[in-house]
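Letters A, B, ... are given to chains in the order of the sequence lines, protein chains preceding strands, and every chain is numbered from 1.
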There are 2 protein chains.
Amino acid sequence: MEIGFKGKFTHTIDHKGRVSIPSTLRRTLPRKASQAFVVMKGLDGCLFLYPRSEWESVQRRLKGLPFWKADTRRFSRIFLENAYDVEIDSQGRIKIPQELLDVAKFKKEVLFLGVLDRIEIWNPRVYSKYQSERKGTLEEAAERVFVPREEVAD
Amino acid sequence: MEIGFKGKFTHTIDHKGRVSIPSTLRRTLPRKASQAFVVMKGLDGCLFLYPRSEWESVQRRLKGLPFWKADTRRFSRIFLENAYDVEIDSQGRIKIPQELLDVAKFKKEVLFLGVLDRIEIWNPRVYSKYQSERKGTLEEAAERVFVPREEVAD
DNA sequence: CCACAATTCCCCACTTTTTCCCACCCGCGC
DNA sequence: GCGCGGGTGGGAAAAAGTGGGGAATTGTGG
């Protein structure tokens with residue numbers, strides 16, 4: 001069965017950069033799934049946390065790009081320079097690399113969002129700012145999101 | 001599972017030309033992997049560091065190029081004249097040949113980037129200049145990576 | 001072939017960071 | 001109350017990163 005993270009949880013980062021993964025999200029993983037994740041700088045100011053299995057397909061995509069093109073190299077670097085392997089420890093926590101703590105402006109409290117194949121980690125303030133800056137109701141957004149591709153005039 | 005280096009790390013070169021390979025990157029290698037690498041002049045102003053196993057395929061790719069073309073010959077020569085075998089010592093360090101220290105303009109600090117099948121080593125200033133010279137955002141990179149292939153118009 | 005200098009190699013040493021483990025707190029159900 | 005799972009904190013041990021000395025090796029000139 002396919003992974004589908006969902007829900008919102010608030011946890012705290014300790015001064016060593018460790019934070020517990022919400023147990024609800026952990027339980028979403030297949031039993032046999034490894035404790036391995038990849039955490040990377042995400043879009044809109046959050047971090048993306050991928051189970052290693054999901055990351056594999058991202059990596060395959062990257063490897064498929066034409067290495068001899070300058071743009072490919074640039075984008076691969078941008079993409080990978082903020083990606084790190086992390087493992088869940090015996091307490092159910094991961095350690096977020098210092099680089100990423102800075103990138104995502106994490107203080108003490110962080111927000112976990114389950115978003116299908118990935119978990120997002122936000123500074124709560126950044127998230128509420130993100131949502132409030134985007135005026136428009138859920139209903140309007142839904143219209144844009146669900147319009148079939150071929151109807152999108154460009 | 002396939003090798004996929006990732007992440008960004010800053011280390012220092014000592015006055016003997018030695019530098020530690022970030023242990024995180026070392027751990028990306030399979031246990032049985034040898035301590036042997038090939039370091040060479042890379043593209044865009046950095047050095048490429050390939051595990052010997054990955055180097056094999058680079059070498060195969062070079063061999064596959066049409067050597068009767070002038071460009072191929074020039075290209076191969078530039079790469080190979082600046083390629084050296086290096087081994088990780090008992091402290092987890094490699095010694096970078098003087099030639100390459102000059103080529104890559106290394107002072108004291110260097111930046112390691114994990115980029116899939118290779119590790120790149122940069123002068124930090126050269127790297128930030130490289131990335132600032134042309135616009136390129138994570139959002140754009142994400143498009144390359146995540147957009148289904150057929151939709152990428154070329 | 002030897003003497004000498006320069007470079008490399010192989011350890012050891014020290015500091016900082018990371019990892020591992022234990023302990024506690026809190027809410028909940030029995 | 002008591003046990004249990006989930007979340008948080010901290011100390012000790014281990015690993016990582018850096019520097020340096022001295023033996024071994026290489027290269028050069030006599």
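- Put simply, B:Arg26 has a side-chain N or O that comes within less than 4.0 Å of OP1 or OP2 on D:dG17.
- Nucleotide C:dC9 holds its C1' atom 16 Å from the CD1 atom of B:Ile94, rounded to whole Å.
- Ion pairing of A:Arg52 with A:Glu87 is present here, as a side-chain N (NZ or NE/NH1/NH2) and a carboxylate O approach within less than 4.0 Å.
- For A:His15, the listed nucleotide lying nearest its side chain is D:dG10; candidates were D:dG10, D:dG20, D:dG9.
- The side chain of A:Ser20 has D:dG7 as its nearest neighbour among C:dC21, D:dG7, C:dT19.
- Two residues, B:Arg18 and B:Ile21, neighbour DNA chain D, and the one matched to the more 5' nucleotide by heavy-atom proximity is B:Ile21.
- Of the listed nucleotides (D:dT8, D:dG6, C:dC10), D:dT8 has the atom at the smallest distance from the side chain of A:Arg93.
- Among the heavy atoms of the strands, none lies under 4.0 Å from B:Ile13.
- The nucleotide whose nearest atom lies closest to any side-chain atom of A:Asp14 is, among D:dG9, D:dT8, C:dC20, D:dG9.
- Protein atom CD of B:Glu87 is 14 Å distant from nucleotide atom C1' of C:dT8, rounded to whole Å.
- B:Lys95 comes within contact range of the sugar-phosphate backbone alone, with a heavy-atom separation under 4.0 Å but no base atom that close.
- Contact check on A:Glu109 versus A:Lys107 returns no salt bridge, with no Lys/Arg side-chain nitrogen under 4.0 Å from an Asp/Glu carboxylate oxygen.
- When only modelled atom types and interatomic distance are considered, B:Tyr127 and A:Arg77 share no side-chain donor-acceptor pair under 3.5 Å.
- Phosphate contact (OP1/OP2 of D:dG9, side-chain N/O of A:Lys108, threshold under 4.0 Å): present.
- Distance from the side chain of B:Gln91 is smallest for C:dA13 among the nucleotides C:dC21, C:dA13, D:dA12.
- A:Ser23 comes within 4.0 angstrom of sugar-phosphate atoms only, judged by non-hydrogen atoms across all strands, and of no base.
- Between A:Phe5 and A:Tyr50, the distance from one ring center to the other does not fall under 6.0 angstrom.
- We find that CG of A:Leu25 is positioned 13 Å from P of D:dG6, with the value rounded to whole Å.
- To the nearest angstrom, P of C:dC25 lies 19 Å from NE2 of A:His11.
- Residues B:Arg27 and B:Ser23 have side chains that bring a donor and an acceptor to within less than 3.5 angstrom of each other.
- Nucleotide C:dT18 holds its P atom 10 Å from the CZ atom of B:Arg27, rounded to whole Å.
- One can place CD1 of A:Ile88 at 15 Å from P of C:dT19, the figure rounded to the nearest angstrom.
- Atom CD in A:Gln98 sits roughly 17 Å away from atom C1' in D:dA16 (whole-Å rounding).
- Closest to the side chain of A:Lys16, from the set D:dA16, D:dG11, D:dT8, is D:dG11.
- Atoms CG (B:Asp89) and P (D:dG20) sit 16 Å apart, rounded to a whole Å.
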